2 protein chains.
Amino acid sequence: MLDAAAAVWAHDFSASLSSIALRADVSRSTLHRYFTDRQALIDALLLDSLARLETADDGSATAVPAMETLEHFLRAGVEMGDRVIFLFADPKRFEGNPHWSSDDGDEEMRALVDRARAEGAIGAGIPTSWALNLYYALLYTAAEVSNQDLPRHVAADLAVQSFRRSVAP
Amino acid sequence: MLDAAAAVWAHDFSASLSSIALRADVSRSTLHRYFTDRQALIDALLLDSLARLETADDGSATAVPAMETLEHFLRAGVEMGDRVIFLFADPKRFEGNPHWSSDDGDEEMRALVDRARAEGAIGAGIPTSWALNLYYALLYTAAEVSNQDLPRHVAADLAVQSFRRSVAP
DNA sequence: GCGAAATGCGACAGTGGTGTCGCAGAATGG
DNA sequence: CCATTCTGCGACACCACTGTCGCATTTCGC
């Protein structure tokens with residue numbers, strides 16, 4: 001059901017619960033039996049997606065260059081496909097949600113970008129806010145393209161390449 | 001009213017007509033008086049936005065390098081802000097809409113990208129579908145960022161730079 | 001095979017957005 | 001100044017989605 005919700009909501013967050021039940025091959029009753037609320041399903045999917053992101057992000061020690069961490073994170077994100085689209089399609093989607101700390105969304109990433117800049121991987125002419133938005137856009141786009149034409153890893157490679165080139169000094 | 005619709009729908013296409021009326025500082029009645037339908041408003045906004053895009057795109061003769069046309073078009077799009085977000089946030093939003101020819105959405109752009117590739121501005125390792133999706137993502141992101149931190153022209157510059165670097169051979 | 005748990009189905013009221021009215025109060029222009 | 005036009009307000013029925021329920025059916029474990 002979470003997969004179905006991610007798949008459907010990745011493209012239209014206002015989609016009805018019926019469409020999700022249909023996609024999940026269960027009745028609406030069953031869906032409601034596991035998630036009392038629309039909000040409950042959102043929270044469950046959010047939590048699950050964040051957990052996967054966390055897991056996927058495990059291999060990134062702080063010792064390695066920040067740029068490699070960003071790259072690793074990007075690849076992991078693309079691998080998650082719809083989940084990542086769900087998470088990052090609209091930055092304000094989860095505003096006020098107790099499970100969505102601003103740490104997840106921004107602070108940690110901003111710090112990473114700043115570190116990458118300090119390490120010389122990001123040019124002085126690149127504002128941090130642009131680097132961040134570009135990063136999420138590439139993540140989103142690569143995940144999106146993976147649903148259409150290109151194999152997942154190819155899309156990930158292209159996204160990584162685009163990011164490196166775009167922010168290079 | 002069209003401006004209000006663009007501003008609201010740029011962030012949430014499922015937003016109610018009430019919220020648009022509110023944003024436009026008119027009553028819901030007045031809104032309905034000018035646009036009988038939700039669909040009528042959508043069509044009007046679509047048509048108006050496409051017209052602006054067309055106008056803004058006037059300066060691009062086919063004689064100049066394709067890359068410059070793409071660049072010009074990108075800058076013009078960023079300048080349009082919410083209108084462009086409305087148009088390109090979801091590629092399938094206007095599927096089946098008689099005013100949304102696939103020419104606008106894809107074919108013309110694809111041809112432009114192919115021409116840029118022939119002129120050596122786009123590397124062989126860059127799939128056309130990636131270049132296109134990247135292009136729209138940058139357009140969208142630059143417009144989005146313009147609503148937050150950076151001045152419009154700075155965001156446009158960054159988007160252009162990112163695109164050139166990303167697809168360079 | 002039998003009992004328990006899970007699922008599907010249909011019905012229900014509640015809710016919020018939609019589209020349509022009529023009417024009353026501006027705003028506009030001659 | 002008056003007449004025409006535009007606008008706002010409130011009311012209405014309609015519809016899709018939501019959340020809840022009871023009951024029949026299927027599935028699963030033992």
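Just so we're clear, the structure is a prediction, and the values are computed from it rather than from any experiment. Residue numbers begin at 1 in each chain, while the letters A, B, ... track the order of the sequences.
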task: Under 4.0 Å between any heavy atoms, over every strand shown, what does A:Y34 touch: base, sugar-phosphate, or nothing? Just pick one.
output: sugar-phosphate

query: Is there side-chain contact between B:D90 and A:H11, with heavy atoms separated by less than 4.5 Å?
result: no

- request: Check whether any side-chain heavy atom of B:I42 sits under 4.5 Å from a side-chain heavy atom of B:R93, and report yes or no.
  value: no

- request: In plain terms, say whether A:E79 and A:R75 are close enough for a salt bridge, that is, a side-chain N and a carboxylate O under 4.0 Å apart.
  value: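 Here A:E79 does not pair with A:R75 in a salt bridge, since their nearest N and O are not under 4.0 Å apart.
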
task: Kindly write out the residues that satisfy side chain to side chain donor-acceptor pair (under 3.5 Å) with A:Q148, not counting sequence neighbours, or none if the list is empty.
output: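 By the side chain to side chain donor-acceptor pair (under 3.5 Å) rule, A:Q148 matches no residue at all.
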
- prompt: Between C:dT7 and A:T30, is there an OP1 or OP2 to side-chain N/O distance shorter than 4.0 Å?
  reply: no

- request: In whole angstrom, give the distance that lies between atom CG of B:L31 and atom P of D:dC9.
  value: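 For the pair B:L31 CG and D:dC9 P, the rounded distance is 14 Å.
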
- request: Quickly work out the B:L22 CG to D:dC9 P distance and round it to whole Å.
  value: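 One finds 11 Å between P of D:dC9 and CG of B:L22, rounded.
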
task: For the pair B:F88 and B:Y136, evaluate ring-ring contact (aromatic ring centres under 6.0 Å, His included) and give the outcome as yes or no after the intermediate values.
output: CA-CA 7 Å; B:F88 297 116; B:Y136 288 125; 4.9 Å; yes

Same cluster (ILVMFWY, side-chain, under 4.5 Å), A:L45 and A:L47: no

- prompt: How does protein contact run along nucleotides 17-24 of chain D, one letter per nucleotide 5' to 3', with B for base contact, S for sugar-phosphate only, - for none, heavy atoms under 4.0 Å?
  reply: SBBB----

